[in-house]
Amino acid sequence: MTTMTKGQAESSKADLWSAGPLLITQSVPPGLIRRINSSDVFVTYLGVLAEDKFEVGVRWPGSHSFYRPVAADLHDPLLFLESVREAGVLIAHAGYEIPRACKFLTRDKRFHVADPEGLRTNGSDPVDVTLVVTARDIQRRARSFAGMLFDAECYRDGVLIGSAAYRWSCVSAPGYARLRGQYRDAVPAAPADSSPVPHDLVGRCAPIDVMLAETAARSTWLLRVDPEHDVIYDHPMDHVPGNAIIEAGRQAALLVSNQPNAIPVGGELDFHHYIEFDQPCTVTAVPMSGTSTVRLAFDQGGVRMVDGTLNLYTP
């Protein structure tokens, strides 16, 4: 089995090593990463590098209905985060044989783009990158996996361009039903009645992608997710999904900073509770003085549901 030293990882301009054995060698079935539409599948293969260490191929499309290129012809950093999420689900099912009926609970996410130029698009052609994912702090419940921490490094042409980490737990289908209680059969609600923010102010091309609605409070918006959004809700959900929350946080950060062309190049988000469909959720953004960092808070029913920070960069 081939390995790579830290020095090689930092300096190599050639392709990364080939993983072996390969667990997934062809197109990844959408259902294996909790998707329905094949156009939303960005992972391409999965291989084993060492115990609890995996290599995942990723292809970023030249265009996409939601994760489209952003300012200055850069791939959306949130496409990088979604790729890490898909890689994690793929590893959980194919690498650790966690049953597909199990449910995953995200605890926190961290990411850092080392060099925004690594996100440069290739015109209308796709870009292939490689994720090296290491599983740490593996938790077990009897003979089953209860959760772990995934550390991911993203390489393009052998050069490290970003890193991410997220901690998650998993529960069986019956356990999840007990956990969700009255919400286990919840369905997405219609968007907030308040007027949506103009899409050009949050760097989006279409109103359906706007995740925020106006409020009378300063630097505070209502979370607004359209149930007709075929990327956010491409499969049944009983709560507001993480990709909608992260996108709403990005949009709030752009608004409060008055930088519609900025991109998030780092951040930390902690998920304390599920955001439900049956009551309003506010999103508050506060710039941190003297920095490019914005502090975010998601509150519902007087309870802090999610909080964290995003670091912005203007190309």
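As the structure is a prediction and not an experimental result, all values here were calculated from the model.
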Practice prompt. Establish, for the pair Arg110 and Tyr166, whether the NZ or CZ atom is under 6.0 angstrom from the six-membered ring centre and no further than 45 degrees off its axis.
Written response: no
Worksheet item: Looking at Phe145, does the NZ or CZ of Arg140 lie under 6.0 angstrom from its six-membered ring centre and within 45 degrees of the ring axis?
Response: yes
Worksheet item: Can you tell me how far CD1 of Ile275 sits from CG of Asp299, rounded to the nearest 0.5 angstrom?
Response: 9.0 Å
Worksheet item: Side chains of His64 and Asp40: is there a donor and an acceptor less than 3.5 Å apart?
Response: yes
Worksheet item: Is Arg204 positioned over the aromatic face of Phe66, cation under 6.0 angstrom from the ring centre and no more than 45 degrees off axis?
Response: yes
Discussion item. Check whether Gln251 reaches the backbone of Met211 with its side chain - one donor and one acceptor, N or O, closer than 3.5 Å.
Written reply: yes
Worksheet, complete the sentence: Heavy-atom closest pair (Phe277 atom, Pro188 atom, distance to 0.1 Å) is CE1-N, 3.5 Å
Discussion item. Please confirm whether the ring centroid of Phe298 lies under 6.0 Å from the ring centroid of Phe271.
Written reply: no
Worksheet item: Hey, are the side chains of Thr44 and Val28 touching, using non-hydrogen atoms and a 4.5 Å cut-off?
Response: no
Worksheet item: Asp115 side chain to Glu117 main-chain N or O, any donor-acceptor pair under 3.5 Å?
Response: yes
Worksheet item: Do His93 and Phe104 make the cut of ring centroids closer than 6.0 angstrom?
Response: yes
Worksheet item: Going by distance alone, is a donor N or O of one side chain under 3.5 Å from an acceptor N or O of the other, for Asn311 and His112?
Response: no
Fill in: Distance (rounded to the nearest 0.5 Å) between Asp238 CG and Tyr183 OH
11.0 Å
Worksheet item: Are the aromatic ring centres of Tyr67 and Trp60 under 6.0 angstrom apart?
Response: no
Item to complete: Decide, yes or no, whether a salt bridge links Arg167 with Asp137 under the criterion of side-chain N to carboxylate O below 4.0 Å.
Response: yes
